[in-house]
> 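Pasting a structure below so you can have a look.
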Amino acid sequence: MPYLFEFSYHNPTQIVFGSNSFAKLGGLVPADAKVLLLYGGGSIKKNGVYEKVTAALAGREIVEFAGVEPNPTLETLTAAVHLAKTQKTDFVLGVGGGSVSDGAKYVACAALYDGDGWDIVSGKHFPKVALPVGIVLTLPATGSESNVGAVVTRKATLEKRVFYVPPARPRFAILNPEVMTSLPDRQLENGLVDAFVHVCEQYLTYPVGALVQDGYAEAVMKALKTLADSFDQRRETAWQQNLMWAANQALCGIIGVGMPTDWITHRIAVELTALWNIDHGRTLSIIQPWLLRELIEAKRAKLEQMGRNVFGLANPSAEDTIAAIETFYRSLRMPVHLREAGITETDAADRVWQAVLAHGNAALGTHAEVDEAKTERIVRAACG
Ligand code: NZQ
Ligand code: ZN
């Protein structure tokens, strides 16, 4: 039976891109707003972004919350929610990477909810309202700045959960590639791989004749591969602009419209961060090659297409494409097995597998008919 596209697409986040974009911030945040300015561990104080943002917001009342950590925790964000409630802020401006962006979305929802904040993260409560959110992006990777997803970890129970909050989709996102100048190489590597895997999750299933979606996915993946191959140019404006736009497009929603998608790499990989706080991008490079080997038959046609159109291989087998993906990750010094991330506990695979089971991610079905046995083999190959 032919596959039919069926979708409704609306992404109202205004993207303001370029080196002059901070100047536009003043026009995007209402003049009478009382702003909760949310940021991370202090990189914005060292690279000048904080000064530029606060200057652009001159005249507005600003309440600051610093210290949103990478892989933001419910525990930290609860303090930000308390501040938003007691100070009666009416706008949340996140200045940072995916963690701050996700934190801003959560706080915007939880500030208008009287129940337990974990209800929002666990899906027990679907927020219908949220404070308006704006993002000044400082790290291109997740696409969080213009999508409706967020990821929050409850430290107390080592649970890292993805949830969707349409009312907290950012009203605008400022994408100024100049902020990337202060990014350590490690974060650029993470960002490249995270964005690449976001495209894979929406592309690497089976052919459905979606010429536009496939073509665009391949263009974004080729761009990311080109950026990896020219990593020595990472301090140049053109390189930075391209990564910032590619990472946004990889997960703003457009590539996956009407497509069969997968997301199993992400569903397994979150456990590595929950257990050992491994960077998100690195958890993906650890899991994905093993997942592709396990699910190779279901993904064979798309892997061959990807080998031709992304990696430029002549008559590639699916195996050739998986090898090319792994080489691509290694060229960025990313781990492709848990032990390469420094985790050598003998029960590591058991712990990951138990967590995947406990969080209901062991038998996700999907086009590859992923059942418990397949997921367990993926986990044991990547982590054993
Ligand atoms: O906290 P600060 O001091 O700002 O330092 C950060 C942090 O240590 C630093 N950094 C950010 N911008 C910088 C900078 N350092 C110097 N110069 C700059 N311009 O980078 C470190 C990592 O930041 P983080 O925000 O944690 O990284 P990333 O953007 O990779 O976000 C990861 C989080 O996003 C979630 C992940 O699970 C993880 O929790 N994701 C969110 C998604 C979404 N909402 O759609 C999808 C993704 O798949 C992902 O799951
Ligand atoms: Zn991701």
Side-chain angles (χ1 to χ4, degrees), residues 11 13 38-50 52-53 65-74 76-77 94-106 121 133 135-155 159-165 168-170 173-202 235 240 243-244 247-248 250-253 256 262-274 277-285 287-288:
N11 186 337
T13 303
L38 202 71
Y39 56 97
S43 68
I44 66 164
K45 291 250 169 128
K46 294 188 201 123
N47 61 14
V49 170
Y50 175 87
K52 288 179 188 141
V53 166
F65 186 90
V68 177
E69 63 276 75
N71 311 304
T73 63
L74 183 77
T76 297
L77 296 174
V95 185
S99 295
V100 169
S101 304
D102 289 358
K105 294 175 190 174
Y106 169 77
V121 182
V133 174
I135 300 296
V136 176
L137 186 69
T138 66
L139 196 179
T142 65
S144 177
E145 66 277 7
S146 67
N147 69 36
V148 296
V151 190
V152 167
T153 300
R154 182 160 68 178
K155 210 160 55 179
E159 278 174 277
K160 186 178 190 203
R161 293 267 195 120
V162 182
F163 56 103
Y164 301 94
V165 279
R169 182 199 289 270
I174 303 266
L175 271 56
N176 180 346
E178 285 181 0
V179 302
M180 294 168 65
T181 308
S182 58
L183 274 172
D185 286 352
R186 184 186 179 95
Q187 297 303 341
L188 294 171
E189 293 154 8
N190 288 346
L192 272 166
V193 170
D194 191 18
F196 188 83
V197 177
H198 291 159
V199 183
C200 292
E201 302 269 36
Q202 302 167 84
R235 301 299 161 200
Q240 295 173 347
L243 178 57
M244 201 163 231
N248 175 272
L251 197 47
C252 69
D262 197 317
W263 295 106
I264 305 182
T265 303
H266 273 72
R267 297 287 280 268
I268 299 174
V270 285
E271 304 302 351
L272 309 188
T273 304
N277 217 23
I278 299 173
D279 296 355
H280 173 65
R282 284 159 200 269
T283 67
L284 302 172
S285 64
I287 298 294
Q288 196 210 30

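Sequential numbering from 1 along the given sequence is applied to the chain's residues. Whatever order the structure lists them in is the order used to number ligands and atoms, beginning at 1.
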> Give a yes/no on ligand 1: does Val179 have at least one heavy atom closer than 4.0 angstrom to it?
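Yes, Val179 has heavy atoms under 4.0 Å from ligand 1.
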
> Angle at the Zn ion (ligand 2) between NE2 of His198 and NE2 of His280, to 10°?
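NE2 of His198 and NE2 of His280 make an angle of 170° at the Zn ion (ligand 2), to the nearest 10°.
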
> Which atoms of ligand 1 have any heavy atom of His198 under 4.0 Å away?
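Every atom of ligand 1 under 4.0 Å from some heavy atom of His198: 47 (C), 48 (O).
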
> Can you see which heavy atom on Pro72 is nearest to which on Val151, and at what distance?
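Looking at all heavy atoms of both residues, the closest pair is CG-O, 3.6 Å.
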
> To the nearest 0.5 Å, tell me how far Asp102 CG sits from Phe163 CZ.
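The CZ atom of Phe163 is 7.0 Å from CG of Asp102, to the nearest 0.5 Å.
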
> Restricting to N, O or S atoms, which atom of Asp194 is closest to the Zn ion (ligand 2)?
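Going by distance to the Zn ion (ligand 2), the closest N, O or S atom in Asp194 is OD1.
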
> Starting from atom 25 (O) of ligand 1, locate the nearest protein heavy atom and write down its residue, its atom name and how far away it is, to 0.1 Å.
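It is Ser99 N, 3.0 Å.
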
> Side chain, backbone, both or neither: which part of Leu183 has a heavy atom under 4.0 Å from ligand 1?
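Under 4.0 Å from ligand 1, Leu183 contributes backbone and side-chain atoms.
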
> Which ligand 1 atoms are under 4.0 Å away from a heavy-atom of Gly97?
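Result: 25 (O), 29 (O).
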
> What class does the angle between the rings of His266 and His280 fall in, given that below 30° is parallel, 30 to 60° is tilted and above 60° is perpendicular?
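Tilted.
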
> Would you check if Leu272 and Ile287 make a side-chain contact, meaning some heavy-atom pair closer than 4.5 Å?
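Leu272 reaches Ile287 side chain to side chain.
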
> Provide, to 0.1 Å, the distance between atom 21 (C) of ligand 1 and the closest protein heavy atom, together with that atom's residue and name.
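Here the nearest protein heavy atom works out to Gln187 NE2, 3.5 Å.
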
> Which residue and atom name correspond to the protein heavy atom nearest atom 39 (O) of ligand 1, and how close is it?
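The protein heavy atom lying closest is Asn71 OD1, 3.2 Å.
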
> Closest approach of Val165 and Lys105, non-hydrogen atoms and distance?
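Scanning both residues completely, I find the closest heavy atoms to be CG2-CB, 4.1 Å.
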
> Applying a 4.0 Å heavy-atom criterion (strictly less than), which segment of Val270 is in contact with ligand 1: side chain, backbone, both, or neither?
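Near ligand 1, Val270 shows nothing, with every heavy atom at 4.0 Å or more.
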
> To the nearest 0.5 Å, how far apart are CG in Leu38 and CG in Leu77?
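With rounding to 0.5 Å, CG (Leu38) is 7.0 Å from CG (Leu77).
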
> Please tell me if the side chains of Leu251 and Glu201 come closer than 4.5 Å, counting only heavy atoms from C-beta onward.
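Contact flag for Leu251/Glu201 side chains = no.
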
> Work out whether the distance between some heavy atom of Gly42 and some atom of ligand 1 is less than 4.0 Å.
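It does, in that a heavy atom of Gly42 comes within the 4.0 Å cut-off of ligand 1.
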
> Please report the interatomic distance CG(Asn248) to CD(Glu145), rounded to the nearest 0.5 Å.
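Between Asn248 CG and Glu145 CD, I get 4.5 Å after rounding to 0.5 Å.
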
> Just to confirm my output: which protein heavy-atom neighbour is closest to atom 2 (P) of ligand 1, and how far is it?
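Going by distance alone, atom 2 (P) of ligand 1 is nearest to Gly41 N, 3.3 Å.
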
> For Lys160, counting its heavy atoms only, list the atoms of ligand 1 lying under 4.0 Å from any of them.
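Ligand 1 atoms under the 4.0 Å threshold to Lys160: 36 (C), 37 (O), 38 (C), 39 (O).
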
> How does Met180 reach ligand 1, by side chain, by backbone, by both or by neither, if only non-hydrogen atoms under 4.0 Å count?
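It is neither part, as no heavy atom is under 4.0 Å.
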
> Could you work out, for atom 28 (P) of ligand 1, the closest of Gly98, Ala150, Gly253 by heavy-atom distance?
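Nearest option to atom 28 (P) of ligand 1, by heavy atoms: Gly98.
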
> Which of the numbered atoms in ligand 1 are under 4.0 angstrom from any heavy atom belonging to His280?
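Selected atoms, number and element: 36 (C), 37 (O), 47 (C), 48 (O), 49 (C), 50 (O).
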
> Stepwise, does the side chain to side chain donor-acceptor pair (under 3.5 Å) test hold for Thr273 with Asn71?
CA-CA 8 Å; Thr273 304; Asn71 311 304; 4.8 Å; no

> Starting from atom 12 (N) of ligand 1, find the nearest protein heavy-atom neighbour and note its residue, name and distance.
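Its nearest protein heavy-atom neighbour is Thr138 OG1, 2.8 Å.
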
> Which heavy atom of the protein is the closest neighbour of atom 27 (O) of ligand 1, given with residue, atom name and distance?
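Here the nearest protein heavy atom works out to Leu139 CD1, 3.4 Å.
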
> Determine whether Val49 and Glu178 make a side-chain contact, defined as any pair of heavy atoms from C-beta on separated by less than 4.5 Å.
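No. Closest side-chain heavy atoms not under 4.5 Å.
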
> Closer than 4.0 Å to some heavy atom of Ser182 - which atoms of ligand 1 meet that?
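Numbered from 1, ligand 1 contributes 16 (C), 17 (N), 18 (C), 19 (N).
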
> Might you point out which heavy atoms bring Gly191 and Ala141 nearest each other, and give the distance in Å?
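Taking Gly191 first and Ala141 second, the nearest heavy atoms are CA-CB, 3.5 Å.
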
> At less than 4.0 angstrom from any non-hydrogen atom of His266, what atoms of ligand 1 do you find?
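Atoms satisfying the 4.0 Å criterion: 48 (O).
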
> Strictly less than 4.0 Å: does any protein heavy-atom distance to atom 6 (C) of ligand 1 fall in that range?
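No, there is no protein heavy atom closer to it than 4.0 Å.
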
> Does Ile44, backbone or side chain, put an N or O under 3.5 Å from an N or O of ligand 1?
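No.
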
> Starting from atom 15 (N) of ligand 1, find the nearest protein heavy-atom neighbour and note its residue, name and distance.
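Ranking protein heavy atoms by distance from atom 15 (N) of ligand 1, first comes Ser43 CB, 3.6 Å.
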
> Can you report which non-hydrogen protein atom sits closest to atom 45 (O) of ligand 1, along with the distance?
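For atom 45 (O) of ligand 1, the nearest protein heavy atom comes out as Asn147 ND2, 2.9 Å.
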
> Go through ligand 1 atom by atom and flag the ones less than 4.0 Å from a non-hydrogen atom of Gly40.
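Heavy-atom distances to Gly40 below 4.0 Å select 1 (O).
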
> Could you walk me through whether Val95 and Thr138 pass the side chain to side chain contact (heavy atoms under 4.5 Å, CB included) check?
CA-CA 7 Å; Val95 185; Thr138 66; 4.3 Å; yes

> Just let me know how Val151 lines up against ligand 1, side chain, backbone, both or neither, with a heavy-atom cut-off below 4.0 Å.
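Just the side chain.
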
> Show me which atoms of ligand 1 lie under 4.0 Å from any heavy atom of Pro70.
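So the atoms of ligand 1 that pass are 7 (C), 8 (O), 26 (O).
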
> Counting heavy atoms only, which part of Lys46 comes closer than 4.0 Å to ligand 1: side chain, backbone, both or neither?
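No part of Lys46 is near ligand 1 at this cut-off.
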
> Using the rule side-chain contact (heavy atoms from CB on, under 4.5 Å), only one of Leu188, Asn47, Leu137 pairs with Met180; which is it?
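Only match with Met180 under side-chain contact (heavy atoms from CB on, under 4.5 Å): Leu188.
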
> Does a salt bridge link Asp185 with Arg235, judged by any charged N lying under 4.0 Å from a carboxylate O?
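Looking at Asp185 and Arg235, the cut-off is met.
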
> Please work out, at 4.0 Å between heavy atoms, whether the side chain, the backbone, both, or neither of Asp102 comes within that distance of ligand 1.
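Within the 4.0 Å criterion, Asp102 contacts ligand 1 through side-chain atoms alone.
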
> Can you find a heavy atom in the side chain of Val68 that is under 4.5 Å from one in the side chain of Phe65?
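Counting from C-beta outward, Val68 and Phe65 do come under 4.5 Å.
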
> Using a 4.5 Å cut-off on heavy atoms from C-beta on, say whether the side chain of Cys200 contacts that of Gln288.
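Side-chain contact under 4.5 Å: yes.
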
> Rounded to the nearest 0.5 Å, how far does OG1 of Thr153 lie from CZ of Arg161?
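Nearest 0.5 Å value for the CZ-OG1 distance: 11.0 Å.
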
